[in-house]
Amino acid sequence: MSTKTNPSVYACWVAGNPTASKAPLEITNPYSNRVVGCVGQVGGDELEEALERGSQFECSLSRYERAQILSRTASIIGERREEFARGITDESGLCLRETRYEMGRGIDVLQFAAAAALEDDGSIFSCDISPQGKNRKIFSTREPLNLIAAITPFNHPFNTVIHKLAPAIAIGSPVILKPSEKTPLTALRLAEALYQAGLPGPMLSVLLGGSEEIAEPLVRDERVDLVTFTGSVKVGKQIAATAGYKKVVLELGGNDPLIVLANGDLDLAVHLAAEGAFRNAGQRCTAVKRILVEESIAEEFTHRLVAQTKKYPFGDPYLEETRLGPVIDEPAAIALETVLYDAVSRGAQILTGGKRHGALMEPTVVDQVPRDAAMVVKESFGPLAPILRVSDLEDAITVANSTRYGLSAGIVTDRLKDATRAIKRLRSGNVNVNEVPGYRIEKSPFGGIKDSGLGIKEGVLEAMKCMSNVKTFSLPWDD
Ligand code: NAP
């Protein structure tokens, strides 16, 4: 039932100007179905203006000025942190525990990017080091890309966006952002805060409109030097096929394993399995999607995980005690229900949860999942904790590596040799020992391989490298 109570009206941003030329898009909260905002969309003319203004803009901001804009934005948003967190809850249904945490992470991104804007990472090469050399020195410096296209998903409406905007501002590249049509409001508010902090209008446009009119032509446009995309494997591969001659960064889906060995700390394993599977209602690219437990401890582990899962209050995302809200919409919840009951028809057993209420899927522990069930072969983007029993570490590594994904992995063990073997043998971009697969700080390199990405990392520092070109210059170095 839709309860429209005077929703806030938003416009897109074209080079710093609020603009809307097409029918507004209504954004609804997936728990209450309440309309929480509407956004006036744009079309091809506005895309063209954003492309022209962005690609013609020569950023003359000094490093100090770029750092100041990022720091000021961190302060502006820091002061409005609760309002932003509630805004993310409004449009995504993520509970306040999650959206407050996301705000903290996003503010870290701004602060790390502000610090990084002040740093040089250039090198100096003396040329008189070989008989072929001369008395010269070669220096390297970074130049910003001319224009970046950034396309982001629904599941972290602030953090995935700021991970693209902050490094671009730190390096001095203009960006055209196309946020998810499911959760665009936070991105539009963030853009306003960036302009308020002093970002020149042409450094950022935020556009919403049909894929054929905005996202696809943006990806193909020759004025764009880099497409940085976070989202599903399907759309990521389409982008790789259509982008043409330009840089492409793809941060795609995951299907992360948590390996639990008998020689590990069982209490820690239970905690990590529950947090890994249920945080953000399981809608994280690095959520635990497969729990691979050594057979000898499987009964005890399962028993304790069920008890732990029952401590996750689910439902209304605005209640302080809620730890798990709905997924993004009812079709997404139905898709989870479908893969769950398909696994059940093939022998899996639901130990707790398993019920759907509209867009809300209960936190669910399911045991004895067949290794080839769709639920564990593909990415199930929601709060499902499937347990697969393995005979030993070797078997766990085989199962972990058996899907097309390769984002992150976690292992719980107290044996160093098992930890190092897992780090070396797991085919993924990140491995965490005695932590959830997704553990990171916003500055460290992050990204997947195989279908999860092309191995080009994000994280503030890596993103700044990708958003710039290295230029070398040499000078005579005579006495
Ligand atoms: P999605 O369906 O792939 O959408 C992502 C973005 O792509 C949206 O802005 C979407 O726009 C846009 N898009 C759709 N069709 C397009 C096209 N033909 N050309 C260009 N852009 C297009 O992903 P999602 O469902 O929002 O997000 C969930 C996925 O993101 C999961 O698979 C998750 O694992 C992944 N993810 C990965 C990471 C990582 O770092 N690896 C982080 C977070 C999420 P519309 O909204 O207008 O359709």
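Note that the coordinates shown come from a computational prediction; the quantities given were computed from them, not determined experimentally.
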Applying salt bridge (Lys or Arg N to Asp or Glu O under 4.0 Å), name anything that partners [X], two or more places apart in sequence or on another chain.
X: Arg284; value: none
X: Arg189; value: none
X: Glu143; value: Lys471
X: Arg81; value: none

Assess whether atom [atom1] of [X] is packed by more than 12 heavy atoms of other residues, nucleotides or ligands within 6.0 Å.
X: His357; atom1: NE2; result: yes
X: Arg80; atom1: CZ; result: yes
X: Lys246; atom1: NZ; result: yes
X: Lys247; atom1: NZ; result: yes

Do we see a donor-acceptor contact under 3.5 Å between the side chains of [X] and [Y]?
X: Gln111; Y: Ser71; value: no
X: Tyr101; Y: Asn159; value: no
X: Ser468; Y: Arg142; value: yes
X: Thr89; Y: Thr99; value: yes

Can you list every pair that meets ring pair (Phe, Tyr, Trp, His ring centres under 6.0 Å) and has a residue in residues 265-293, with sequence neighbours left out? Phe278-Tyr312
According to the ring pair (Phe, Tyr, Trp, His ring centres under 6.0 Å) rule, which pairs have a member within residues 19-55, sequence neighbours left out? none
Test log, rule salt bridge (charged side-chain N to carboxylate O under 4.0 Å, His left out), inputs Glu82 and Arg100: CA-CA 7 Å; Glu82 182 65 11; Arg100 288 174 181 151; 2.8 Å; yes
By side chain to side chain donor-acceptor pair (under 3.5 Å) - contacts of Gln238 (at least two apart): none
With Tyr341, which residues qualify under side chain to side chain donor-acceptor pair (under 3.5 Å), at least two apart? none
4.5 Å side-chain heavy-atom contact, [X] and [Y]:
X: Val39; Y: Leu185; value: yes
X: Thr364; Y: Met361; value: yes
X: Leu61; Y: Pro200; value: yes
X: Lys178; Y: Val206; value: no
X: Val293; Y: Leu388; value: no
X: Val109; Y: Val460; value: yes

Apply salt bridge (charged side-chain N to carboxylate O under 4.0 Å, His left out) to residues Arg86 and Glu91 and explain how you reach the verdict. CA-CA 9 Å; Arg86 285 181 179 273; Glu91 61 181 344; over 6 Å; no
Leu47/Leu218 under side chain to side chain contact (heavy atoms under 4.5 Å, CB included): CA gap, chis, key distance, verdict: CA-CA 8 Å; Leu47 171 63; Leu218 175 63; 4.1 Å; yes
By the side chain to side chain donor-acceptor pair (under 3.5 Å) test, which pairs, at least two apart or in different chains, include something from residues 145-157? Glu102-His156
Tell me, which pairs form a side chain to side chain donor-acceptor pair (under 3.5 Å) where one or both residues lie in residues 195-205, sequence neighbours left out? none
Using a strict threshold of under 4.0 Å (side-chain N to carboxylate O), is an ion pair present between Arg105 and Glu442? yes
Is the closest basic N to carboxylate O distance between Arg34 and Asp90 below 4.0 Å? yes
Is there a salt bridge (charged side-chain N to carboxylate O under 4.0 Å, His left out) between Arg97 and Glu320 once you walk through the steps? CA-CA 7 Å; Arg97 176 195 189 215; Glu320 291 294 332; over 6 Å; no
Residues that Phe57 engages under ring-ring contact (aromatic ring centres under 6.0 Å, His included), provided they are two or more places apart: none
For Phe301, ring-ring contact (aromatic ring centres under 6.0 Å, His included) partners two or more places apart: none
Check the pair Leu165, Leu190 against side chain to side chain contact (heavy atoms under 4.5 Å, CB included), reporting the backbone distance first and the verdict last. CA-CA 10 Å; Leu165 300 191; Leu190 168 62; 4.1 Å; yes
Taking all atoms of both residues into account, what is the closest heavy-atom pair of Gly43 and Ser21, and its distance? N-OG, 3.9 Å
Set out, in order, the CA-CA distance, both residues' side-chain angles and the distance that settles salt bridge (charged side-chain N to carboxylate O under 4.0 Å, His left out) for Arg304 and Asp267, then state yes or no. CA-CA 8 Å; Arg304 292 202 207 176; Asp267 285 337; 2.4 Å; yes
